[in-house]
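Following: one structure in structure tokens, then a few remarks.
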Amino acid sequence: MRFNWNYIKLAALVLVIMGLYAFSNARNSAKNVTGMKVSFVGDQNLYLTEGAVNKLLIQKYGSLQNVPKENIVLNTVEKAIEANEMVKSAQVYLTIDGELNSKIVQRKPIGRIEGDTKFYLDEDGKRMPLSSNHSARVPIITGNISGKSLEDVYVILEHINADDFFRKTVVGIHIKRENEYQLRLRLNDFVVNLGGIDGLEGKFSNFKAFYAKATKDQTLEDYAEVSLEFNNQVVCTKI
């Protein structure tokens, strides 16, 4: 009976590689956590600090320093971090050296509600608590706050953030009642009556055209109110 030594050599090599991998994996799992590192992805306005994340994990699991790597359930640690109201998502992994790394994406506020309770409205239209670490420079929402009016305000904020002019110009939205919204501007005292959220793109476009012309004519300070409520019109009330 003839043996194919090439096949035997190949099988032996595969067994050796599998053995080395198993040995390396077992040895790596037996190592302890050597340290912890927290990094924030994207916006560097820290509503949550590295210290707060470490404290959260210590309260949940105790000190993770020197804990065997095999005892760390990464998915569970991620869920613990994501339970924090400032966190949108988290990715947790262990390095070869045994460092526990947490990469965190924070929630992003786009408006601040100043009602009976104070909170942010985030980029997904959800409530987000205020932070003691950082105050976001976003439009202030005042007036008759309700579930429906906040849904409308979120739509208005999306339009504001999609346009560089409005993002720099609008500092507040006042809710007179449902379907009656006003814009407050950074450099001008007049109120912009927006009406409801129907036809927002046209209303915003008309206002930009009015603003450019009034700036050129140096008449912006002559107005007390600017209304965009009427179809395809800008109606101004002088002081």
Side-chain angles (χ1 to χ4, degrees), residues 28-29 31-115 117-142 145 147 150-151 153-173 184 186:
N28 186 55
S29 297
K31 288 183 178 180
N32 293 344
V33 175
T34 57
M36 296 171 61
K37 179 181 177 182
V38 176
S39 56
F40 295 92
V41 180
D43 192 347
Q44 291 305 304
N45 294 323
L46 297 184
Y47 306 102
L48 181 67
T49 64
E50 180 177 351
V53 175
N54 288 333
K55 183 178 179 181
L56 181 155
L57 294 178
I58 289 170
Q59 289 175 340
K60 183 77 174 178
Y61 303 105
S63 176
L64 294 175
Q65 190 87 11
N66 295 321
V67 171
K69 290 168 65 176
E70 63 181 0
N71 292 348
I72 305 294
V73 182
L74 299 179
N75 187 53
T76 302
V77 178
E78 285 179 355
K79 283 181 168 40
I81 295 174
E82 289 173 345
N84 186 284
E85 291 184 297
M86 299 295 177
V87 176
K88 183 173 184 178
S89 64
Q91 179 186 8
V92 178
Y93 60 94
L94 282 161
T95 67
I96 295 176
D97 297 331
E99 187 175 64
L100 184 69
N101 281 7
S102 302
K103 286 191 174 182
I104 297 173
V105 178
Q106 299 177 109
R107 295 171 67 186
K108 183 178 179 179
I110 60 173
R112 176 172 174 148
I113 312 303
E114 291 288 333
T117 57
K118 304 181 191 304
F119 56 92
Y120 290 123
L121 202 63
D122 77 359
E123 60 187 335
D124 296 317
K126 298 176 181 178
R127 296 187 178 210
M128 173 183 170
L130 302 183
S131 169
S132 59
N133 298 305
H134 180 78
S135 182
R137 295 186 64 182
V138 292
I140 305 297
I141 318 301
T142 58
I145 309 294
L150 281 184
E151 290 177 9
V153 163
Y154 174 64
V155 175
I156 296 170
L157 287 169
E158 283 192 307
H159 277 74
I160 289 172
N161 286 325
D163 187 286
D164 189 58
F165 168 78
F166 285 103
R167 191 168 55 251
K168 293 177 179 178
T169 304
V170 176
V171 294
I173 302 173
R184 310 283 186 181
R186 186 180 306 279

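All figures in this text were calculated on a predicted structure; none of them were measured in a lab.
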Is there a side-chain contact between V41 and I104 (heavy atoms, below 4.5 Å)? no

Selection residues 81-91 - residue pairs positive for side-chain hydrogen bond (donor to acceptor under 3.5 Å, both in side chains), sequence neighbours left out: K88-E123

side-chain hydrogen bond (donor to acceptor under 3.5 Å, both in side chains) contacts touching residues 160-173 (sequence neighbours left out): D163-K208, D164-R167, D164-K168

Distance-minimising heavy-atom pair for G111 and L157: CA-CD1, 4.0 Å

Test side chain to side chain contact (heavy atoms under 4.5 Å, CB included) applied to I145 - qualifying residues, sequence neighbours left out: I113, I141, L150, I175

To the closest 0.5 Å, what do you measure between CG (L121) and NZ (K126)? 11.5 Å

Least distance between heavy atoms, L130 atom then M86 atom: O-CE, 3.3 Å

Heavy atoms from other residues, nucleotides or ligands near CZ of R137 exceed 12 (cutoff 6.0 Å): no

Exercise: identify the closest heavy-atom pair between I81 and S102: CD1-OG, 3.7 Å

Sequence neighbours excluded - ring-ring contact (aromatic ring centres under 6.0 Å, His included) pairs with any residue from residues 74-110: none

Heavy-atom pair of closest approach, residues P139 and V170: CG-O, 4.0 Å

Could you state the interatomic distance from CD1 (I140) to CZ (R184), rounded to the nearest 0.5 Å? 12.5 Å

Contacts of D124 meeting side-chain hydrogen bond (donor to acceptor under 3.5 Å, both in side chains) (sequence neighbours excluded), chain-then-number -> none

Run the side chain to side chain contact (heavy atoms under 4.5 Å, CB included) test against V73 and tell me which residues pass, sequence neighbours left out. T76

For Y47, check ring pair (Phe, Tyr, Trp, His ring centres under 6.0 Å) against everything at least two apart and list the hits. H134

Residues in side chain to side chain contact (heavy atoms under 4.5 Å, CB included) contact with V138, at least two apart in sequence or another chain: R112, Y120, A136

Chi angles and distances behind the side chain to side chain contact (heavy atoms under 4.5 Å, CB included) call for N54, M36: CA-CA 8 Å; N54 288 333; M36 296 171 61; 3.5 Å; yes

Under the criterion side-chain contact (heavy atoms from CB on, under 4.5 Å), which of L57, V38, I72, V77 is the partner of V92? V77

Tell me every residue that passes ring pair (Phe, Tyr, Trp, His ring centres under 6.0 Å) with F165, counting only those two or more places apart in sequence or in another chain. Y211

Suppose we screen for side-chain hydrogen bond (donor to acceptor under 3.5 Å, both in side chains). Which residues come up paired with E50, at least two apart in sequence or across chains? none

Taking only residues two or more places apart in sequence or in another chain, which ones pass side-chain hydrogen bond (donor to acceptor under 3.5 Å, both in side chains) with R107? D122

Spacing of CG belonging to L100 relative to CG belonging to L74, to within rounding of 0.5 Å: 7.0 Å

Considering all heavy atoms, the nearest M128-F119 contact: O-CB, 3.5 Å

Residues passing the side-chain hydrogen bond (donor to acceptor under 3.5 Å, both in side chains) test with E78, sequence neighbours excluded, are none

Smallest separation among heavy atoms of L48 and A52, with atom names: CD1-CB, 3.7 Å

